[in-house]
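Okay, structure first, notes after.
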Amino acid sequence: MFGLIGHLSSLEHAQSVAETLGYAEFSNQGLDFWCSAPPQLVDSFHVTSITGQVIEGRYIESCFLPEMLINRRIKSAIRKVLNAMALAQKSDLNITALGGFSSVIFEEFNLKDNNQVRNVELDFNRFTTGNTHTAYIICRQIEQVSAQLGIDLASSTVAVCGATGDIGSAVCRWLEKKNDVKELLLVARNRERLDNLQAELGRGKILSLEEALPEADVIVWVTSMPKGVEISLETLKKPCLIIDGGYPKNLDSKFNHSDIYVLKGGVVEHSLDIDWKIMDIVSMDIPSRQMFACFAEAILLEFEQWHTNFSWGRNLITVDKMQLIGEASIKHGFSPLVSF
Ligand code: NDP
């Protein structure tokens, strides 16, 4: 059995869906209440591969909210992730994906040093960040959608915002090895990490966000921002493809321009319906089939019986591993979301 640990995108979102998740008493409560709420196992479902194999899964709502980071409730955020992992392990889940901010918090606050959660000694082999599959799917989205829009990658400038992150650096490696894009722009805040990435890739131009965006034909947005940012439409190239891979969505998607295309990044569609209710809550267009690619990674690891932390640590994702999980993704009937 596999597991998915997820969270909602904001306090407002959490209040509006509390009843659907099975705890109506949370719907009028503020951040303090969510800080003290324990993780909840809220959904059980089956996933059928196109090979005919059927597996069973559970969804755990960690009750983490991005406002905990914005309002410096770091201890609560850490507790949410560790408690949800302990619940997954106690529920006998073989492999569980740490969705959205869960893996960012795990790495940022070094939670590998905290493997004792009350009477549960966490076995990190049972967890995956899901970032290898996410990075693979984002790269396939870049390739497929730019071709649909007539954007030739070999003569294009691609800006990766969050380039030094786990997903961003993997996307850069793939683009460098497979696509030979004309210009690769590396955007993040920490200069040392940017210099290291540039040295590893042997290419890439380090620019600020303000400098990079107007130059880009394709913008890949994979920063770990707890709330969205607004970018000015006027400064962008037309046409421009934006792949928004963050969760919560990093970009304020009120774009209304016929030549600016914003695609939900890191989202996959399965070929067969899944009997879950959780994707209604996170507003997927086809909730019975669409999901975050990190969740799909846990599903793939369970299908393949690869009960190991396939994606773990930071900036260790190789193109070979992306290729491997990509082959499993196709084999079991997943495809990247390529429609707007
Ligand atoms: P990391 O923490 O590894 O990387 C985050 C990157 O964003 C770093 O390069 C960081 O560099 C940069 N960054 C953070 N804040 C800013 C800022 N204000 N301006 C510019 N750059 C910034 O995160 P991951 O790679 O693990 O995840 C990235 C995003 O993807 C997250 O939003 C996560 O929730 C989402 N995600 C989506 C999944 C899906 O299935 N669709 C799956 C997993 C994650 P620096 O700090 O130096 O600025």
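These figures come from a predicted structure and were not determined experimentally. All ligand and atom numbering here is 1-based and tracks the order in the structure.
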Location of contacts on Arg193 toward ligand 1, heavy atoms closer than 4.0 Å: side chain

Polar proximity ligand 1 side, Phe292 side, N/O cut 3.5 Å exclusive: no

Trp312 versus Glu107, side-chain donor and acceptor atoms under 3.5 Å: no

Close approach, Ala293 and ligand 1, non-hydrogen under 4.0 angstrom: yes

Selection from Met291, Arg189, Lys264, His133 by shortest heavy-atom distance to atom 45 (P) of ligand 1: Arg189

Sub-4.0 Å atoms of ligand 1 with respect to non-hydrogen atoms of Gly266: 39 (C), 40 (O), 41 (N)

Phe124/Phe106 aromatic ring centres below 6.0 Å: yes

Atom 29 (C) of ligand 1: the protein heavy-atom neighbour that sits closest, reported with distance to 0.1 Å: Thr223 O, 3.4 Å

Nitrogen or oxygen atoms of Ala188 and ligand 1 under 3.5 Å apart: no

Residue pair Lys277 / Val42: nearest heavy atoms and the distance that separates them: NZ-O, 3.3 Å

Proximity to ligand 1 by part of Glu108, non-hydrogen separation under 4.0 Å: neither

Over 12 non-hydrogen atoms of neighbours within 6.0 angstrom of CD in Glu192: no

Any donor-acceptor N or O pair under 3.5 Å, side chains Asn179, Glu143: yes

Identity and distance of the protein heavy atom lying nearest atom 43 (C) of ligand 1: Asn131 OD1, 3.4 Å

Atoms in ligand 1 flagged as close to Gly245, the criterion being non-hydrogen separation under 4.0 Å: 30 (O), 35 (C), 36 (N), 37 (C), 41 (N)

Contacting atoms of ligand 1, where contact means under 4.0 angstrom from a heavy atom of Val104: 2 (O), 23 (O), 26 (O)

Short N or O distance, Val267 and ligand 1, threshold 3.5 Å exclusive: no

Gly130 heavy atom under 4.0 Å from ligand 1: no

Nearest-neighbour protein heavy atom for atom 17 (C) of ligand 1, which is reported as residue plus atom name and distance: Met225 CE, 3.4 Å

Check: Thr134/Asn131 side-chain N/O donor and acceptor closer than 3.5 Å: no

Taking atom 12 (C) of ligand 1 as the reference point, the nearest protein heavy atom with its distance: Gly162 CA, 3.7 Å

Atom 25 (O) of ligand 1 [closest protein heavy-atom partner, distance rounded to 0.1 Å]: Ile167 N, 2.9 Å

Whether Phe295 and Tyr59 hold their rings parallel, tilted or perpendicular, with breakpoints at 30° and 60°: perpendicular

For Met291, the option from Val268, Ile286, Val267 that meets side chain to side chain contact (heavy atoms under 4.5 Å, CB included): Val268

Ring centers of Phe26, Trp34 separated by less than 6.0 Å: yes

Gly265 near ligand 1 by a heavy-atom separation under 4.0 Å: yes

SG-CE distance between Cys161 and Met225, expressed to the nearest 0.5 angstrom: 8.0 Å

Thr164, Asp166, Leu197, Leu337: member with heavy atom nearest to atom 3 (O) of ligand 1: Asp166

Residues Ser44 and Glu56: side-chain donor-acceptor under 3.5 angstrom: no

Greater than 12 external heavy atoms within 6.0 Å of Glu200's CD: yes

Nearest neighbour in protein (non-hydrogen) for atom 47 (O) of ligand 1: Asn190 N, 2.8 Å

Under 3.5 Å: N/O of Gly165 near N/O of ligand 1: yes

Residue and atom name of the nearest protein heavy atom (relative to atom 34 (O) of ligand 1), distance in Å to one decimal: Tyr247 O, 2.8 Å

Lys321 charged N/C atom sitting above Phe310 aromatic ring, 6.0 Å / 45°: yes

Gly246: numbered ligand 1 atoms lying under 4.0 Å from its heavy atoms: 30 (O), 32 (O), 35 (C)

For atom 28 (C) of ligand 1, the protein heavy atom that lies nearest, with its residue and separation: Val222 O, 3.3 Å

Centroid separation Tyr247 to Phe101 less than 6.0 Å: no

